[in-house]
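Note that the coordinates shown come from a computational prediction; the quantities given were computed from them, not determined experimentally. Below, chains carry the letters A, B, ... as their sequence lines are ordered, and counting in each starts from 1.
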Amino acid sequence: MLEIARRFRRDGLNPVEHVRHILKEAHDDKLNVFISIDDEGALASAEKAEQRIRNGDEGTLLGIPIAVKDNICTKGIRTTCASNILSNFVPPYDAHVVERLKQRGCVIIGKTNMDEFAMGSTTATSNIGPSRNPWNIDKTPGGSSGGSAAAVAAGLCAGALGSDTGGSIRQPASFCGVTGLKPTYGSVSRFGLVAFASSLDQIGPIARTAMDVAVLYDAIKGYDPKDSTSVNKDYKVTSLDELDLKGLKIGIPPMFFGEGLNHEVEKAVREGISIFKELGAEVVEVKLPHIKYGVAVYYIVATAEASSNLARYDGVRYGWREENSRDLVDMYASTRSRGFNDEVKRRIMLGTYALSAGYYDQYYEKASRVRTLIIEDFKEAFKACDIIAGPTTPTPPFGIYDMLDDPLSLYLLDIYTVPANLAGLPALSIPCGFTTSGLPIGMQLMAPAFGEDLLLGAGITFQAHTSFHEERP
Amino acid sequence: MKVDLREVEHVSRLARIYLTDTEKSKFSAELSSILEYMDLLSEVDTTDVTPTVHTLSIINALRHDARKPSIPHDDALQNAPSESNGMFSVPKVIE
Amino acid sequence: MDYDVVIGLEVHIQLLTDTKIFCGCLTKFGDAPNTNVCPVCLGMPGVLPVLNEKVVDFGIKLGLATNSTISERNIFARKNYFYPDLPKGYQITQYDYPLCKKGFLEIDVDGGSKRIGITRIHMEEDAGKLIHDEKEDYSYVDFNRSGVPLLEIVSEPDMSSTKEAVAYLKELRQIVMYLGICDGNMEQGSFRCDANISVKPKGSSTYGIRTELKNMNSFRNVQNALEYEISRHVELIEQGKQVEQETRLWDAGLGVTRTMRTKEESHDYRYFPEPDLIPLIVDSVWIERVKKTLPELPREKRHRFAKDYGIPMYDAEVLTQQRDVADYFEACLKFIDAPKDVSNWIMTEVLRVLKEESIDITKFNVTPEMLANMIALIKKGVISGKIAKGVFEEMHRTGKAAYIIVEEKGLLQITDEGVLREKAKAILDSHPKEVKSYKDGKVQLLGFFVGQLMKETRGKANPKLANKVIKGLLEE
C-alpha cells in the first residue's frame, strides 16, 4: 500500500490505470472473493484521486484500492452479509469507516465474501459459496473475513476491511499469510457494521504488512458520536518506525501451546517468538487460568446477542421476503427459514435458548460472569508482560469442506482468538512461517486496551527482520 | 438429549424459524452436544463476580435533543419488499 | 358476599421531546407516513442508538414529582419479540435497573386522601403504528412513531376501586402535563393505560387471580372496563369458577372485555442488557439541576388555592386542572383582590371561549390584567354584569381594554336617577293598561316595566336603580 502510494508519485503509476487493472483482475478472479464489484464508483474515485495527486496532495491513501467486507454498509452499493435474506439490500448510508476511507480518497473496489452474517471461519456458509485460499485453492482462506484476506493475499486490493467478533480478521489473515488487526473494542466505530454480536464486534484492517495495517487503522480509528460504545479519547497517529524491543516483555501462556495445537504451527510460532528474543525482547510465562472457558463463554454471549441482532430480518422493511405466506406469522417464519442458512439458524437457536426463560441464569448470565474472570486474567497477566504472544489458530488452513459437519469442533478452533474479543483487547496476526506444504502460519500478538501502537510497532519490527510477509502465493 | 425435540420446537417458535423434522432432530443433537460442552462453565465459581456487559469503562453517551434530518421518504421505502401508500405492507395482522 | 378489589396501573406516556429517544428524527404527530424516519428508527442493519439526554431529564422530573428514588446506575435492556411495528425485533427498554423506584403520589377521593405507591418508572422507545383496513388482506406500517420516547409508570396494586384508579390516572396525567413532559392526550395515545385487576373476598389475605386489561383510551373507558371486569370476576367467583390469568382487551363498542392472550401464550421476552448502549449514571448534580426546574405540583396548588384564596375546593380543582389556567388565575389576582369573582369569570366565560374556539390560554387576547380591570369596572358599578359579558366578548374579539370598549360603545351604566325617571315615565305613559292592572294588585308586573326600561337603555340602566325608580313612580 505504502509502496503503491510511492509509485503513484515517483514511478508514474497512474491511479486510474492501476484501478482499471485491479478491476479487471477482480472480474477474472477464480477465488470467489467478491460479492459485488463497484466498477463505476471505483473509477470515479480513482479519477478524483489522480487529480488530487497531480495537485500535490500527499495523502497516503489517495487512490489506494481497498476492498470492504460485505457486512460493512456502503451507500448505494448492495450490502448482503453473504445472506439470502439481505441479497437485495442497498443501504441508504455509509458505515462510519467507509465515510472515513472515502474522505481519505481511497478507492473502494468492491465488497468481499464472508461467512453468512460473519458466523463462521471458512466462508463456506456464504450464499455465493466459499472463497478459496490463494495459496491452495482446495483450502479455505479462513473466515469470516476470508474474502478480504484472500483479496489482499491475491493482490486484488492493497488493503481491506474486515470485522472480527471472535477471530474473523486474525484467523483468515493467518490462513492467507497476511497481516490483520482486531482493534480495541471502542476504538473503531461500529456504525454501519451489520451487527453479529454487538459487545464483541470490531472492524479492523487487513493488509500485507504491519505498516500498511497501521496506515489503514489510523484512517478508520477515532471517536464517532453515532456509536455509543465509541471511546472519546485522544487518538495519536501510529508510528511506522521500528521499535527498540530491548526489555519488551512477551508473555507466553502455556495454555496457548497445549493440546490440539498442530506441531508445524507450534514450531513456526516458537521460532517467531525466538526472533523477538533475538531482537532483545524478554520472554516470560503468564497464566490465563480462565482462558480455557473462552470458547464456551464466547459462543453463549455471541449467539445470545446474535439471536436478538438478527431478529430485524423479518421481511417487513427491507431484504428478501417469502411472498407466498398464509399470514403474518407464516411470513416471518418462512422468510427467516429460507433467508438464513444452517449455521445462522443454529446460532440463532442456540442464542435464543441461552436467553430463554429458565436458562438465562445458567447460560447467558453465567457466561457473562466468567467473561469478567477472563478480563481479570488479562489484567493480571499484563502486570507481568507488555505483549502476549501465541499462535493465531491451532491448525494451518484446512480443506474448504472439511469441518462443516461438526460445528462444535469448528468452534473449538477459535480458542486462541476469542479471548481478545471477550476482553475487548487489540490483537494482531502476523505471518510467521509456512507449513512444509507451503501454507501460511500466523502468530498472534495481544496488548492491553489501546495498545495498538505497541502491537503494530512490534509487528513492523518483526517484519523488518523477516520476510514471511513478502512471500506471494 | 439435553435439548429435546419439544424444546427445539419451542425455541424455533420464539426465533420465528420453521424447521423440518430432519432439521429438528439435527438441531436437537447439535445443540445438545454444544450445550453439554458449555456446562464446562459450571465448574467455575462465580459467586460475587459481576457479569460483564461491556469491556469499556465509559459511561453516559448522550446526544442533545436536536433534530437531525430524517432520510427522504423514498429512501426509507426503497428496500421495502412490499409497500402501499407510502407505508410498508404486511399480511394482515389479526389482533 | 362482599369483595375487595385490587387494581394496579401501568401508564405509558409519550414525552414532549423534539426528537426521538435514540435518533434525531422529529417526534411530530400527524405527518405523512414514514417521513420522520431514518435508518436508526427503521431498524436498518448496522445502525446504532444514541440516547437523547432530555428523555433522562424528563424521567428524573417525573421521578422527583412522584417522590421516587432516582437510580444512580441505569442499564438499558432489550425486550425481544416479533411484531411488524417493532423494527428491530426488540424494544430498547429498562428492566432490572429502572430510572426511578419506590415513589408514590397522593390522590384526593371522597373528601379524604390516599397514597398510591409507584413501583418504578423507566425509559423506553415506542413502536411504529399498524394500520388495518377491514376490506383488505394487508396491514400497513408507519414508523413515524417508532422511537418516540416513552416513560412507563408502574403503580403498586394500591387502588381498591375504579374511583381510586381514575383519580390516580387523573392526578398522574395532571402531573405530567404540569411538568410539561407529556401532552396528556389519551385519544391520540400520548397517555396510555393498562390495568391489572383482581378481586378477593373481603378481608381475605390471599390475592385473587389477576387479569390484565388493555385498550382503554379515555377515563370513561377505564372506568367502564374496570367495572365490567370487577363484575365479571365476582360473577365467576360466585359461580364457583376460576378467573383465568390472561390479558384482555376492552371493546368500548360492545362494552365488554375479551381474551387477547392466555397465560400459555404469554411472551418469553428474553430480556438481556443492551450491548449497544453503555451505562447511564445519574449523579446528584444532575438530579439537583432538574429539581430546580420543578414547578408547583397540581395537588399542592389545589390545596393552596382553596386555603389561601378562600375559594371553594371545586373552584380550586377546576382552576388547577391546567397549569396555564392556574397561572392565569393568579396573574389576575395581581391586579384585583377578588379571588371568587375572578374564579367565576374564568370558570364560566374564559374556559368556555377557550374551549369553543380551541385557544391556548397563553395566547388568549384577554390578558389577566384586562380581565381584572373589567371585573373592577363591575365592582365599581361602572358596568353591569350583563353588559360585562358583551364587553368580554369584545375584548376577546378586538384585544381592546374594557374601559375603551365601554367608552366607545357608550356602555357606561346609567346611574343618574333623573335620566332613568324620565325614561320610566314615558314607558308608564305608553302602557296605561298594565299600569292599571298593577294598581289593581297585579304587582308582578313590576318586572315587566323594569324589563322595558332595560330594553330602552340597552341594558345600561343600573338594575337596582331601575327597580327603585319604577316602583317609586307606580306607587306615587
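The most heavy-atom pairs under 4.5 Å with chain B, out of C:Val56, C:Asn74, C:Asp57, C:Leu51, come from C:Leu51. Your options are C:Asn36, C:Leu26, C:Thr35, C:Leu277, and the one with the most heavy-atom pairs under 4.5 Å with chain B is C:Leu26. Top candidate by heavy-atom pairs under 4.5 Å with chain C, chosen from B:Pro69, B:Pro72, B:Ser82, B:Ala61, is B:Ala61.
A distance-only check finds no donor-acceptor pair linking the side chain of C:His267 to the backbone of B:Leu14 [under 3.5 Å]. Judged by distance alone, the side chain of B:His64 and the main-chain N or O of C:Glu53 form no donor-acceptor pair under 3.5 Å. No donor-acceptor distance shorter than 3.5 angstrom exists from the side chain of B:Arg67 to the backbone of C:Thr19, with no hydrogens or angles considered. Formation of a donor-acceptor pair under 3.5 Å by the C:His132 side chain with backbone atoms of B:Lys92 is not found in this model. In this structure a side-chain-to-backbone donor-acceptor pair under 3.5 Å is missing from B:Ser89 to C:Tyr138. Remark: side-chain polar atoms of C:Asn34 are not paired, donor with acceptor, to backbone N or O of B:His73 under 3.5 angstrom.
With contacts defined as side-chain heavy-atom distances shorter than 4.5 Å, the pair C:Pro39/B:Ile71 qualifies.
Contacts between C:Ile75 and chain B at a heavy-atom distance below 4.5 Å are absent for every atom of the residue. Both the backbone and the side chain of C:Pro279 come within contact range of chain B, each with at least one heavy atom under 4.5 Å from a heavy atom of that chain. Residue C:Arg261: no heavy atom, backbone or side chain, is found under 4.5 Å from chain B. With a 4.5 Å cut-off on non-hydrogen atoms, B:Ala15 touches chain C through its backbone but not through its side chain. Heavy atoms of C:Asn52 lying under 4.5 Å from chain B belong to its backbone as well as its side chain. Looking at C:Cys41, there are no atoms closer than 4.5 Å to chain B (heavy atoms on both sides), in backbone or side chain.
One finds the CG atom of C:Leu42 at 10.5 Å from the CG atom of B:Asp75 (value rounded to the nearest 0.5 Å). Here the NZ atom belonging to B:Lys68 is positioned 13.5 Å from the NZ atom belonging to C:Lys20, to the nearest 0.5 angstrom. Atoms CD1 and CD1, from B:Ile58 and C:Ile281 in turn, are 12.0 Å apart once rounded to the nearest 0.5 Å. Atom CD in C:Glu274 sits 7.5 Å away from atom NE2 in B:His54 (nearest 0.5 Å).
Contact record, C:Phe82 with B:Arg16: CD1-CG, 3.2 Å, taken as the closest heavy-atom pair. Shortest non-hydrogen contact noted between C:Pro33 and B:Met87 is CB-CG, 3.5 Å.
Identified by a heavy-atom distance below 4.5 Å to chain B, the contributing residues of residues 141-149 of chain C are C:Val141, C:Asp142, C:Phe143, in residue-number order.
Counting heavy atoms of neighbouring residues, nucleotides and ligands inside a 6.0 Å radius, atom CD of C:Glu187 does not exceed 12 of them. Heavy atoms from other residues, nucleotides or ligands lying under 6.0 Å from OH of C:Tyr228 number more than 12. A 6.0 Å sphere centred on CG of C:Asp283 holds more than 12 heavy atoms belonging to other residues, nucleotides or ligands.
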Practice task
Might you work through the side-chain contact (heavy atoms from CB on, under 4.5 Å) test for B:Asn60 and C:Trp286, ending with a clear yes or no?
Solution key: CA-CA 12 Å; B:Asn60 294 16; C:Trp286 194 341; 3.9 Å; yes

